[in-house]
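Values in this document were obtained by computation on a predicted structure and should not be read as measured data. Just so we're on the same page: letters track the sequence lines, and every chain starts at 1. We use all heavy atoms of the structure for the numbers below, so side chains are in, but hydrogens, waters and symmetry mates are not.
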There are 2 protein chains.
Amino acid sequence: MTSSRRVLSTAEARREEVIAAARHVVAARGYHGTPTAEIARAAGISQAYLFRLFPTKLELFLVLTEDCFDRVADTFTQAAARARAAGEEPLVAMGMAYEELLADRDVLLLQLHTYAAADEPRIRNAVRRGYARLVDVVRRESGADDAQLQMFFAVGMLMNVVAAMRADEVDEPWAKVLMHQGK
Amino acid sequence: MTSSRRVLSTAEARREEVIAAARHVVAARGYHGTPTAEIARAAGISQAYLFRLFPTKLELFLVLTEDCFDRVADTFTQAAARARAAGEEPLVAMGMAYEELLADRDVLLLQLHTYAAADEPRIRNAVRRGYARLVDVVRRESGADDAQLQMFFAVGMLMNVVAAMRADEVDEPWAKVLMHQGK
DNA sequence: ATGGAGTGTGAGTATGCACTCACTCACTGT
DNA sequence: ACAGTGAGTGAGTGCATACTCACACTCCAT
């Protein structure tokens, strides 16, 4: 900032802002494809300060990964809770929740990029832990059996890809096949 | 080459070798994550010659993408043909064919990386065309309806992710849920 | 045998990148 | 009032990366 009336923030608040901004830019081109300078610009801070907030690009990406799985888990738990309150099937409600996520796009794409960067051992580990938790949450909330769970997550992965190739912008039969929500 | 008895190849043959080598190294870290120097080294040629064979890194990646979808389509057609000859269900046989692909790993991972790089318009376009063709092939070979097709491709996407996080190396219930082949 | 087309390279260039350093400015407690 | 702490940055550093250029060697048609 160069304005004469600069207002300081706390590092913790800044970190949150950076994560939010990074989520958006990293969703587009992923870990290897997004320069830290772009993340800093999106967050409205200097690159130098970005590196004070997060020691390395990898560390930032790991936080982003964690946060991404948190969001998906939260979306599912909330959808299941609403469903139970309304006397509906939790698994179906969680399935519908994919549409909420699709509307956002960033979380879905970020998730895809965490898989793509999983060659890096620490990222792979974060992805595994994240998935372990997701499977656990969905199983607990829905009581679904293994086959149902597999289908549930399979459709989820498909939604990632649909988001990545922007199949919703394509008006052709094959795109409809991929998007038409499991019913 | 510096050996006194150098044997020249044709550019076309070299291109094939480069694609094979690139498939393997790019499968690990994707478009943005794999330097052209590494591809050249893997192919056993100089970086300079790599750029004579393919005008840009993007152009090489597009060829790789095309080739990747070709391979998947071929695997499916062959599996379906075998199934029909043995009087079995083509869709089931094509599902099994995912296991062949999983064994290779490179093709599945490369596919994942094409999705991850789909922010680049030309890659996105190649992915869309590739998918259009795959859906077409599977529909034609199996006669499956839209819902079945969606499930088929959903499980395919799940296999990509399973390959990326190497879920097969994890001995935990959630990993079994994801991998246990749809039955 | 030789010239021309085609295969192949060593040694660059220019830009991009993750990360650092030395510093300034805002706020807080005394 | 001012010292000390923490927020924040401009201007780098050094290395990696995509891509190029001038040149060498091989093969083959004549």
What nucleotide, of [options], holds the atom closest to the side chain of [X]?
| X | options | result |
| --- | --- | --- |
| A/A11 | D/dC19, C/dT9, D/dA7 | D/dA7 |
| B/T36 | D/dA18, D/dT9, C/dC19 | D/dA18 |
| B/P35 | D/dT9, C/dT9, D/dA18 | D/dA18 |
| B/Q47 | C/dA18, D/dC19, D/dG8 | D/dC19 |
| B/F51 | D/dT20, C/dA18, D/dG8 | D/dT20 |
| B/T56 | C/dG8, D/dG8, D/dC19 | D/dC19 |
| B/A48 | C/dT20, C/dT7, D/dC21 | D/dC21 |

Heavy-atom pair with the smallest gap, counting every atom of B/A144 and B/R139
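So the two residues come closest at O-CG, 3.9 Å.
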
Give me the atom names and distance for the closest heavy-atom approach of B/A167 to B/A175.
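Smallest heavy-atom distance, with atoms named: O-CB, 3.7 Å.
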
For [X] and [N], give me the distance from atom [atom1] to atom [atom2], rounded to whole Å.
| X | N | atom1 | atom2 | value |
| --- | --- | --- | --- | --- |
| A/I45 | D/dG10 | CD1 | P | 12 Å |
| B/I39 | D/dA16 | CD1 | C1' | 15 Å |
| B/F54 | D/dT17 | CZ | P | 20 Å |
| A/Y49 | C/dA18 | OH | C1' | 19 Å |
| A/K57 | D/dC15 | NZ | P | 19 Å |
| A/L60 | C/dC19 | CG | P | 10 Å |
| B/H32 | C/dC17 | NE2 | C1' | 14 Å |
| B/R15 | C/dG8 | CZ | P | 11 Å |

Give the ring-plane orientation class for A/Y31 versus A/F61, where under 30° counts as parallel, over 60° as perpendicular and anything between as tilted.
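Rings of A/Y31 and A/F61: tilted, as their planes differ by 30° to 60°.
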
Of A/A37 and A/R52, whose nearest nucleotide on DNA chain C comes first from the 5' end?
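In this pair, the answer is A/A37.
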
Please check if B/L109 and B/L134 belong to a single hydrophobic cluster, counting links between Ile, Leu, Val, Met, Phe, Trp and Tyr side chain heavy atoms closer than 4.5 Å.
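They do not share one cluster, since no chain of ILVMFWY contacts under 4.5 Å joins B/L109 to B/L134.
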
Looking at the rings of A/F76 and A/F152, which for Trp means the six-membered one, are their centres under 6.0 Å apart?
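Under 6.0 Å, so yes.
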
